[in-house]
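Report on the following structure.
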There are 2 protein chains.
Amino acid sequence: MPQSTKESPYHHGNLRQSLIDAALELIAEKQDAKTLSLREVARRVGVSHAAPYRHFADKEALLAAVAEEGFHLLLDYLHRAMVHIDEPARRLQASGVGYVRFAIAHPSHYRVMFSTLQVDYLNYPGLNEAGAKAFAVMVDEIMAGQAAGQMKTGDPQKLAWVSWSLVHGLSMLLIEHQLPLTDEQDIEALAEFATQSSMEGLRLGDGP
Amino acid sequence: MPQSTKESPYHHGNLRQSLIDAALELIAEKQDAKTLSLREVARRVGVSHAAPYRHFADKEALLAAVAEEGFHLLLDYLHRAMVHIDEPARRLQASGVGYVRFAIAHPSHYRVMFSTLQVDYLNYPGLNEAGAKAFAVMVDEIMAGQAAGQMKTGDPQKLAWVSWSLVHGLSMLLIEHQLPLTDEQDIEALAEFATQSSMEGLRLGDGP
DNA sequence: CAGTAATGTTGTCAGTGTAAACATTTAGGG
DNA sequence: CCCTAAATGTTTACACTGACAACATTACTG
C-alpha cells in the first residue's frame, strides 16, 4: 500500500476514518452535535463536499459510525474499570464509574451516541450490536450478583435499566454542563457516590 | 378584543402560542426535535416563513419557549405527584415518579427541554428560572428528609443530582424507545421500582 | 497491460435560517 | 374621529446545507 506523500493525492487514503475524526473535532469545538455540517467536515479534511458520500450513505450514517466507535470505546472503559475486582456488586458499581468516566473523557462521542439514536439504531446493525454489548455488561454483572446472593432478585434487565438510567442521566447532565462541576476529582467523587447509593438500593437488604 | 373570524385576517391574533403548539405537533409527528424547520412551523400555522421572527429572535428562541413551557408543566406534575403525601422520603420518591410520568406524557416537550439546552440555557432567563424551580423541588424534599432524620447527610444538592440523574436518565431512555416498554402500566411500575431503589440507597441506614 | 471498480470532483437543485425592505392593521393621543 | 406610530405580516434576497448525477482520476485484478 504505497501511501502517497505527495501534496494532495487524488485519493485520500484513509478518508473514512478521517471524516469521523474531523466530525468529532468539530463537535468538540462547538460543543454541539446538532449544528454539524457534512460540508464543513469535508472542508476540514480537505476534500470536496461530495466525497463523504463515497463512504457514508448520508449525514446520519456518518454520525452512526461515530456513535459505534463510541460504543466500542465505552465497552473498553467498562472492562478496564472492572478488571481486578471480583465481587459482582462492586464490579457493577465500578462499571458505573467507568461509564461516567468515559462520558466526560469523550463528550463528543457521547453526544452523538445519545442524540442521534432515536429510531435509527436499528438501521445500523453495527451500532445496534455495539450498544447491546455495552448494556450486556451490566446485565451480566447483575446476574452474577444475584447468583452470589448479593443483589435483589427480579428481572436482571429491569435492574440493569435502573443502573443504566442513573449513569446515563448523570453523564448527560455532566456533559451538558447542567451540574456546576468541572474538576475531574469532584466528578469522579460524585460518580462514586451516585453508583454507591444506587448499589445500596439494589442490594439485598431487610427492605421495607 | 374583536377576534376576527374572517377567512384569513392579516393579523393572526395569537401567533406566538400557535407557533409553539405547531412546533410541538411537528416534533411529535416526526418523533424528532432536531429536524424541525422554522419554515415548516410557519406553513403549518398558515403564515409566511418570516412571520415567526416577529415573535422569536431565531429558531432557538422558539425552542427555548417550548422548553420553558415544558418546565412549567413539569413543575405541575411534580407538585401533583407529591400532594397528599407527608413523609419527605416518600414525597421525593413520588416526585420522581411524577417526573417520569411527565416525560412520557409530553415527550415532545421533554425532547426539546433536554436537547436544545447546551449553553443556551443562560441566554433565556425565563427558561433558566423555570428549570431551577423544578430542580429546587427535589432539593427541598431532600433537605426536609434530612431534617426529619430520614435521609443521608451531606450536600443536599449532591443528593438531588443523584435523584435527578436517575429519573432523567430513565425518562430519556423511555422516550427514545431504548427500553422495550410501551404499556403505561409497565412504565409506571418501572418508575416506581427505580425511584424506590434510589430512595433506599439514599436512606439513612446501617450502610458500610 | 487492459478495463473495471473504487474513489474523488464539479455542477446542480430544493430546502433552510435569517435579514432587509415593504405592506397592513391596530391602538392611542390630539 | 382622524392620523400617526407601533405592532405584526409579507416579499424578496442571500448564503449555506444535504443530496444527487455526471464526470475525472486512480487502484486493482484478470
Side-chain angles (χ1 to χ4, degrees), chain A residues 1-23 26-27 29-30 32-66 112 115-116 118-120 123-124, chain B residues 1-23 26-27 29-30 32-66 112 115-116 118-120 123-124:
Chain A
M1 184 196 300
Q3 267 291 23
S4 169
T5 52
K6 306 188 88 170
E7 283 221 359
S8 96
Y10 193 91
H11 283 94
H12 180 282
N14 192 17
L15 186 51
R16 197 191 130 94
Q17 187 60 44
S18 297
L19 290 169
I20 293 177
D21 296 344
L26 289 168
I27 292 172
E29 287 168 19
K30 307 192 193 167
D32 183 357
K34 66 176 182 293
T35 65
L36 182 73
S37 130
L38 205 46
R39 287 169 104 109
E40 198 180 0
V41 175
R43 260 182 314 242
R44 168 71 56 114
V45 173
V47 93
S48 86
H49 66 257
Y53 288 92
R54 295 293 156 188
H55 298 270
F56 300 102
D58 52 19
K59 184 182 171 181
E60 194 179 78
L62 167 58
L63 293 177
V66 171
V112 174
S115 66
T116 308
Q118 248 105 239
V119 188
D120 345 324
N123 296 9
Y124 301 94
Chain B
M1 186 194 300
Q3 268 291 25
S4 170
T5 52
K6 308 187 87 168
E7 283 220 358
S8 99
Y10 193 92
H11 283 94
H12 180 282
N14 192 18
L15 185 51
R16 196 191 132 95
Q17 186 61 44
S18 297
L19 290 168
I20 293 177
D21 296 344
L26 289 168
I27 292 171
E29 287 169 17
K30 307 192 192 167
D32 183 357
K34 66 176 181 291
T35 65
L36 181 72
S37 131
L38 204 46
R39 287 168 104 109
E40 199 180 1
V41 174
R43 262 182 313 243
R44 169 73 54 112
V45 173
V47 91
S48 87
H49 67 257
Y53 287 91
R54 295 294 158 188
H55 299 270
F56 300 102
D58 52 20
K59 185 182 172 180
E60 193 180 79
L62 167 59
L63 293 177
V66 171
V112 174
S115 66
T116 307
Q118 249 104 238
V119 188
D120 344 326
N123 296 8
Y124 302 93

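In the text below, chain A, chain B and the rest are named by the order of the sequence lines, each starting its count at 1.
No donor-acceptor contact under 3.5 Å links the side chain of B/Arg16 to the base of D/dT8. You won't find any donor-acceptor pair under 3.5 Å spanning the side chain of A/His49 and the base of C/dG8, going by distance alone.
Atoms CG (B/Asn14) and C1' (C/dT25) sit 17 Å apart, rounded to a whole Å. In this structure, A/Leu38 atom CG and C/dT9 atom P are separated by 13 Å, rounded to whole Å. Atom P of nucleotide C/dG15 and atom CZ of B/Arg39 are separated by 10 Å, given to the nearest angstrom. Summarising the geometry, the separation between CD on A/Glu40 and C1' on D/dA15 is reported as 14 Å, rounded to the nearest angstrom. Note: CG (B/Asp58) to P (C/dA19) measures 8 Å, nearest angstrom. For the pair A/Phe56 CZ and C/dA6 P, the interatomic distance rounds to 17 Å; values are reported in whole Å. Rounded to whole angstrom, the span from the CG atom of B/Leu63 across to the C1' atom of C/dG17 amounts to 13 Å. As rounded to whole Å, 16 Å separates atom P of C/dT16 from atom NZ of B/Lys34.
Distances were taken from every side-chain heavy atom of A/Tyr53 (C-beta onward) to each of C/dT12, D/dG18, D/dT10; the shortest belongs to D/dG18. Closest to the B/Lys59 side chain, of the nucleotides D/dA19, C/dG8, C/dT18, is C/dT18. In this structure, the nucleotide among D/dA13, D/dA19, D/dT10 sitting nearest to the side chain of B/Arg54 is D/dT10. Checking C/dG8, D/dA21, D/dT10 against the side-chain heavy atoms of B/Ala50 singles out D/dT10 as nearest. Closest approach to the B/Ser48 side chain among D/dT10, C/dG17, C/dT10 is made by D/dT10 (side chain taken as heavy atoms from C-beta onward).
A heavy-atom distance below 4.5 Å is found between the side chains of A/Leu38 and A/Tyr53.
Distance check, rounded to the nearest 0.5 Å: CD1 of A/Ile20 to CG of A/Leu62 gives 6.5 Å. With rounding to the nearest 0.5 Å, the separation of OG in B/Ser37 from NZ in B/Lys59 is 6.5 Å.
Residue contacts shown for B/His55 are limited to sugar-phosphate atoms, with no base heavy atom under 4.0 Å away. When heavy atoms are screened at a 4.0 angstrom cut-off, A/Leu62 is found touching no nucleic acid atom at all.
For C/dT16, the OP1/OP2 oxygens have a side-chain nitrogen or oxygen of B/Ser37 closer than 4.0 Å. The phosphate of C/dT16 (OP1 or OP2) has a side-chain N or O of B/Arg43 nearer than 4.0 angstrom.
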Side chain to side chain contact (heavy atoms under 4.5 Å, CB included), that's the test. Do A/Glu40 and A/Leu26 meet it? Break it down for me.
CA-CA 8 Å; A/Glu40 198 180 0; A/Leu26 289 168; 3.8 Å; yes
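No donor-acceptor pair under 3.5 Å is formed between the side chain of B/Lys34 and the backbone N or O of A/Thr35.
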